[in-house]
Every structure is written in structure tokens, then in C-alpha cells.
Chemist: 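Submitted below is the structure of interest, expressed as C-alpha cells.
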Amino acid sequence: MTYSFTQISQYLRCPRQYRYRYLDGWREKEDRASMIFGRCFENALAAYFRRKDPTAAFFKEWKQHEDLLLAYTKNDSWDRLNHQGIHLLERFALDDRVQIRSPKQNLQVKLTHSLPSGGDFVSYVDAIGEVDGTKCIIDWKTTTSRYPEQPAGLLALDPQLVCYSWMAGISEVALVVFIRKNAPEVQYLKTSIDENKRREFGQLVETTVDQIEAGHFLPHSGIRFPQNGCVSCCHLGLCLGDQQLVDSRLIRRPGASDLDWLDELVD
Ligand code: SF4
């Protein structure tokens, strides 16, 4: 078996959700405009570090989705996202705070870790480079709102950054957040992950994999005010036996679970 951060975090959120997704093959439809925008944008960032025109790269790829029936959130449209993408790329280039040497090797870096159970854990790190002159692991995020910065130290609890630090054995990590709003903004958030947190994450992965391989998939429903984990879960229709909801949000691709680590490329 090949495991990824996405798999482990989904199991920890709700084991039943994990079973629907990875054993039964139910996947969320990939028609969310924000997700496709994020992919186009990250490819434009790669063009930027390869010294090509990032806005041209972004427009060329995003243009291919102009006439498709994508799911846009309120106030969003193809045109609006197009302008936001271009302004964010311009802002990022003006800031000039991130350097990636040898982009061929240091963008979408594949990391593999052998597990005691015999499987592998695979991650694709967005980049390894420098932010404000400090060498670190870099994760790009596109979003519509700022990431919280208080209380101090919050970022060191981000499980995805802890995972990447554990995989790469690099303590310095950074989140570069591209905020889609009228005045484009880029946040450069940096933190250190200590050895203890990395070791604990490794233990969490091992115990979670043991649970998965023992076939424990009881639901962890999240309906209790003010939490609403089930309401935002794409598998809600399966748990409620609501076929209309299933049809609107899911497609089924049995047998796709062994290729799941590819999700890391777009996560
Ligand atoms: S709807 Fe709730 S219980 Fe069902 S899979 Fe999703 S999170 Fe789990």
C-alpha cells in the first residue's frame, strides 16, 4: 500500500469517509472552479521560477476552462478569477521574497518514507527553496481569506507542514498564501518544526496505518453545535441514503485507491 498525507488526514477526520473514498471508490466531482484555478496558478508559479512568463502560462491554462461548466462560489466567475490570478502573480514577482534554485529538482519534490508495516508513505512537496533568505520547505495555498497568524506559533501545528518536515528532515517550513480578493495579497508565513513534533507525527502515521490495515472504519460523525463536519463532507449523501445528494457531489471510480497518492500533486 502507498499512503499519503491526504489519506491519513481523511482517516483521522472520519474513518467511514476514508472507506467510502479509498475502498469503495467514491470521489468528489472535480468541478470546483477554485480547485482548478489553484492548479493553473501553481503551474504558473512553476513557469515563474523557470524564468518563463507566468501570466502567459496562467492565462493559457485557465483559458481552457472558460467555457466549461465549473462550480463557482457566490460572486466568482471565470473572468474574476482570471484577473485575480494575474494580479497575484504580479504581486508575488514584485515582492521577490522567494527563491528556488534548480527548479527542475526543487519544485514538486517527491519524498518517500518506508513504513514498518511494509508500505510506503509518499508526499509531493510544492517546493524547497528560500523565503527571505532562509532555506525551507514551501507550500503554496490559494484562498479567499487570510490565514490566522495569532496566537504566535499557530503555524507549527499545521499537520501538512509537520508532515513535510518529517518527510524531508528539514525543520524550517513556510506557507505562501495567495489571497484572492479585490486588492491581491500574498502572506509569507514561516515557522520551525522541532524534532519532537516530527517524531510524534511519524508515530501518528504508524498507528493510523495500523487502524486502516485492521479494517476499522467506524464513522466519526461531526453533527454537534457548533461543529458541522458532516454538513461539509462530500460523502454525506451516502451516510443519509440520499441518492440525489450522492449524484450531485460524487462519482465512483472503483480501483482508483492505489493511485491516490497522485492527489498529493494537487493538494
Ligand atoms: S457524513 Fe459524517 S459520518 Fe458520514 S462519512 Fe461524512 S463525516 Fe463521516
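Counting starts at 1 for both ligands and their atoms, following the listed order.
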Chemist: Hey, any chance Tyr20 and Met1 share a hydrophobic cluster, counting ILVMFWY side chains that come within less than 4.5 Å of each other, even indirectly?
Modeler: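 No, no single cluster joins them.
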Chemist: For Arg198, is there an ion pair with Glu195 - N to carboxylate O distance below 4.0 angstrom?
Modeler: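 Result for this pair is yes, salt bridge flagged.
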Chemist: Is the shortest distance from a Lys or Arg side-chain nitrogen in Arg146 or Glu185 to a carboxylate oxygen in the other one below 4.0 Å?
Modeler: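 Looking at Glu185 together with Arg146, the answer is yes, because their closest N to O distance falls below 4.0 Å.
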Chemist: Starting from atom 2 (Fe) of ligand 1, count all protein N, O or S atoms within a radius below 2.8 Å.
Modeler: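 Atoms of protein N, O or S type lying less than 2.8 Å from atom 2 (Fe) of ligand 1 total 1.
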Chemist: So, are Lys141 and Asp139 salt-bridged, with charged N and O less than 4.0 Å apart?
Modeler: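 Yes, charged N to carboxylate O under 4.0 Å.
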Chemist: Does this structure show an ion pair linking Glu28 with Arg21, if we count only N-O contacts that are shorter than 4.0 Å?
Modeler: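 A salt bridge is absent here (no side-chain N lies under 4.0 Å from a carboxylate O).
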Chemist: Check this for me: does any side-chain nitrogen of one of Glu30 and Arg39 sit under 4.0 Å from a carboxylate oxygen of the other?
Modeler: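 Yes.
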